[in-house]
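Working notes for the structure below.
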Amino acid sequence: MGCKRILVTGGAGFLGSHLCERLVKKGNDVICLDNYFTGRKKNIEHLMDCHNFELLRHDITIPVFLEVDQIYNLACPASPVHYQYNAVKTIKTSVMGAINVLGLAKRVRARVLQASTSEIYGDPHVHPQTESYWGNVNPIGIRSCYDEGKRVAETLFFDYHRQNNVDIRVMRIFNTYGPRMHPNDGRVVSNFIVQALKGVDITIYGDGLQTRSFCYVDDNIEGMIRLMNKDDFLGPVNIGNPGEFTIKELAEKIILLTNSKSKLIFNPLPSDDPKQRKPDISLANEMLGWIPTVALEDGLKKTIEYFKNNLD
Ligand code: NAD
Ligand code: UDP
């Protein structure tokens with residue numbers, strides 16, 4: 001794999017910053033584009049002095065022209081709290097963002113990867129979720145701005161491919177966690193760790209029996225880079241860790257690992273919250289030779305260490 005000019009949209013966010021770091025270390029010329037809605041300069045501060053790293057403050061709903069070989073499209077708030085804060089903007093970011101990166105890819109003949117999501121499957125009736133499942137998504141609920149926005153983005157990717165031969169990759173990311181999540185991100189792993197470290201109540205939504213499967217960030221980034229650089233395979237492909245846990249189990253694990261005195265409290269479950277989620281990763285294994293390598297407990301320990309020094 002020779003060195004390339006690479007654009008990462010959403011590069012100052014949680015996943016984007018880890019991706020930029022990996023790509024810069026490999027010697028690529030990396031442009032990180034971000035509007036800092038949920039991302040932070042702090043996440044990529046350590047890359048600022050690298051000659052092969054550039055930062056561009058820009059909103060992906062507005063077209064951009066850059067000469068690049070590859071585009072990773074990660075720009076979009078990912079936490080329910082943040083994507084519901086301005087639902088209309090979330091849809092614009094997914095849909096207009098996809099149109100803008102696809103238009104750019106078409107013009108400069110770049111390969112473009114979409115960070116799609118397990119939310120494509122909604123509250124799934126098929127378990128574990130395979131890529132061939134079309135999903136069960138509410139089109140008018142509070143999660144729809146994100147879910148439907150991401151579904152339209154996938155449609156646009158495949159239409160630009162069929163119509164204009166754009167070289168696309170589509171990755172369906174399942175819940176991923178790790179260092180550099182924002183302490184106020186609102187997603188479950190960061191919420192529980194921050195609450196446990198502060199010794200305040202751990203907020204379980206609903207009865208805590210809903211399940212998720214948690215993937216450590218390094219495994220996710222490895223899958224993403226493999227997909228981008230695999231020829232003749234567009235996806236969509238699931239990238240996630242098939243270890244499935246209830247939210248209550250997650251809370252108990254985090255209390256144990258932090259040695260915390262926090263108590264569990266039960267709050268109302270937000271509407272349309274999926275009851276179960278677990279990826280079938282046989283396609284990723286077969287096509288990319290990829291499987292996750294970090295067990296939940298080990299990933300949580302690393303994330304807890306990070307939050308001990310980064311509680312704001
Ligand atoms: P994040 O919120 O930390 O990162 C998103 C980044 O996009 C932030 O830096 C934010 O400022 C930026 N952004 C948002 N709107 C923008 C806009 N209009 N223009 C430019 N930049 C904008 O979230 P993350 O977890 O790093 O997620 C990255 C991508 O992966 C997202 O597209 C998300 O939907 C997808 N994804 C993540 C997960 C996960 O578990 N982490 C799961 C499924 C999908
Ligand atoms: N959740 C919770 N307490 C929190 C945050 C989230 O119980 O403080 C639950 C949430 O209702 C959902 C699961 O944890 O069932 C995962 O939520 P998250 O927002 O991390 O991601 P998503 O629902 O998009 O998978």
Side-chain angles (χ1 to χ4, degrees), residues 8-20 32-41 43-44 56-62 64 72-84 86 89-94 96-98 100-101 113-120 123 143 146-147 149-150 153 171-178 180-182 185-195 201-217 220-221 224 238-241 245-248 250-251 264-277 279:
V8 179
T9 78
F14 160 51
L15 292 182
S17 64
H18 286 273
L19 177 64
C20 286
C32 165
L33 178 157
D34 211 293
N35 71 349
Y36 304 116
F37 175 49
T38 51
R40 301 190 284 180
K41 281 197 188 147
N43 287 343
I44 29 107
L56 187 60
R57 182 192 280 264
H58 182 83
D59 191 308
I60 201 58
T61 59
I62 294 162
V64 59
Y72 290 86
N73 188 36
L74 274 61
C76 185
S79 160
V81 183
H82 296 290
Y83 71 62
Q84 287 163 18
N86 184 344
K89 179 65 195 256
T90 299
I91 305 175
K92 285 186 184 172
T93 295
S94 273
M96 293 161 72
N100 290 333
V101 294
L113 180 147
Q114 168 67 357
S116 189
T117 167
S118 52
E119 291 286 325
I120 291 292
D123 193 3
R143 294 176 85 100
Y146 183 75
D147 300 10
K150 288 282 188 180
M171 167 182 189
R172 291 185 179 153
I173 302 171
F174 283 66
N175 298 63
T176 302
Y177 68 96
R180 298 202 201 123
M181 292 184 94
H182 196 291
D185 178 275
R187 282 176 280 183
V188 67
V189 174
S190 45
N191 268 12
F192 286 3
I193 292 179
V194 169
Q195 290 163 345
D201 290 344
I202 297 213
T203 54
I204 294 191
Y205 303 160
D207 57 13
L209 299 181
Q210 69 272 36
T211 68
R212 293 294 186 272
S213 305
F214 301 99
C215 184
Y216 188 65
V217 58
N220 172 286
I221 300 300
M224 197 179 314
N238 292 338
I239 296 288
N241 191 320
F245 299 88
T246 67
I247 294 305
K248 193 156 169 277
L250 176 74
L264 306 186
I265 56 159
F266 294 84
N267 289 343
L269 185 70
S271 60
D272 294 341
D273 199 289
K275 284 182 265 315
Q276 53 180 2
R277 183 178 292 154

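Given the structure is predicted, the values throughout are model-derived calculations rather than measurements. Every number for a ligand or one of its atoms is a count from 1 in the order of the listing.
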What pair of heavy atoms forms the shortest contact from [X] to [Y], and how long is it?
X: Leu15; Y: Asn220; result: CD2-OD1, 4.0 Å
X: Pro270; Y: Tyr205; result: CD-CB, 3.8 Å
X: Ser213; Y: Asn241; result: CB-O, 2.9 Å
X: Asn175; Y: Ser118; result: OD1-OG, 4.4 Å
X: Met181; Y: Gly178; result: CG-O, 3.2 Å

Return yes when [X] approaches ligand 1 closer than 4.0 angstrom through a heavy atom, no otherwise.
X: Met181; result: no
X: Asn175; result: yes
X: Ser116; result: yes

Decide, yes or no, whether a salt bridge links Glu119 with Arg143 under the criterion of side-chain N to carboxylate O below 4.0 Å.
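Arg143 and Glu119: salt-bridged.
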
Regarding Asp185 and Arg180, does a basic nitrogen lie under 4.0 Å from an acidic carboxylate oxygen?
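No salt bridge links Asp185 with Arg180.
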
I need the nearest protein heavy-atom contact for [atom]: residue, atom name and distance, please.
atom: atom 22 (P) of ligand 2; answer: Arg143 NH2, 3.4 Å
atom: atom 3 (N) of ligand 2; answer: Thr203 O, 2.6 Å
atom: atom 13 (C) of ligand 2; answer: Ile247 CD1, 3.6 Å
atom: atom 11 (O) of ligand 2; answer: Asp273 OD2, 2.6 Å
atom: atom 21 (O) of ligand 2; answer: Asn175 ND2, 3.5 Å
atom: atom 5 (C) of ligand 2; answer: Tyr205 CE1, 3.4 Å

Sub-4.0 Å heavy-atom approach of Pro80 to ligand 2:
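In this structure, Pro80 qualifies as a contact of ligand 2 - some heavy atom is under 4.0 Å.
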
Arg277: heavy atom below 4.0 Å from ligand 2, yes or no?
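Flag set, Arg277 near ligand 2.
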
Between Ile173 and ligand 1, does any nitrogen or oxygen pair lie at a separation below 3.5 Å?
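No; every N/O pair is 3.5 Å or more apart.
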
Geometry only, no angles: is Asn73 polar-contacting ligand 1 at N/O separations under 3.5 Å?
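No; every N/O pair is 3.5 Å or more apart.
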
In ligand 2, which numbered atoms sit nearer than 4.0 Å to a non-hydrogen atom of [X]?
X: Gln210; value: 9 (C), 11 (O), 15 (O)
X: Glu119; value: 24 (O)
X: Ile204; value: 7 (O)

Counting only heavy atoms, tell me which of [options] gets closest to [atom].
atom: atom 41 (N) of ligand 1; options: Arg187, Met224, Lys41; answer: Arg187
atom: atom 7 (O) of ligand 1; options: Ser17, Gly16, Gly13, Cys76; answer: Cys76
atom: atom 33 (C) of ligand 1; options: Phe174, Tyr72, Tyr146; answer: Tyr146
atom: atom 26 (O) of ligand 1; options: Leu15, Ile120, Asn100, Leu74; answer: Leu15

Got an N/O contact under 3.5 Å between Val188 and ligand 2?
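Yes, Val188 has an N/O under 3.5 Å of an N/O on ligand 2.
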
Do any nitrogen or oxygen atoms of Arg187 come within less than 3.5 Å of a nitrogen or oxygen of ligand 2?
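No, since none of the N or O atoms of Arg187 sits under 3.5 Å from an N or O of ligand 2.
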
Heavy atoms only, cut-off 4.0 Å: how does Gln276 contact ligand 2, side chain, backbone, both, or neither?
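For Gln276, there is no contact with ligand 2 at all, from either part.
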
Result of checking Ile247, Ile202, Thr203 against Leu264 for side chain to side chain contact (heavy atoms under 4.5 Å, CB included)
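Passing option: Ile202.
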
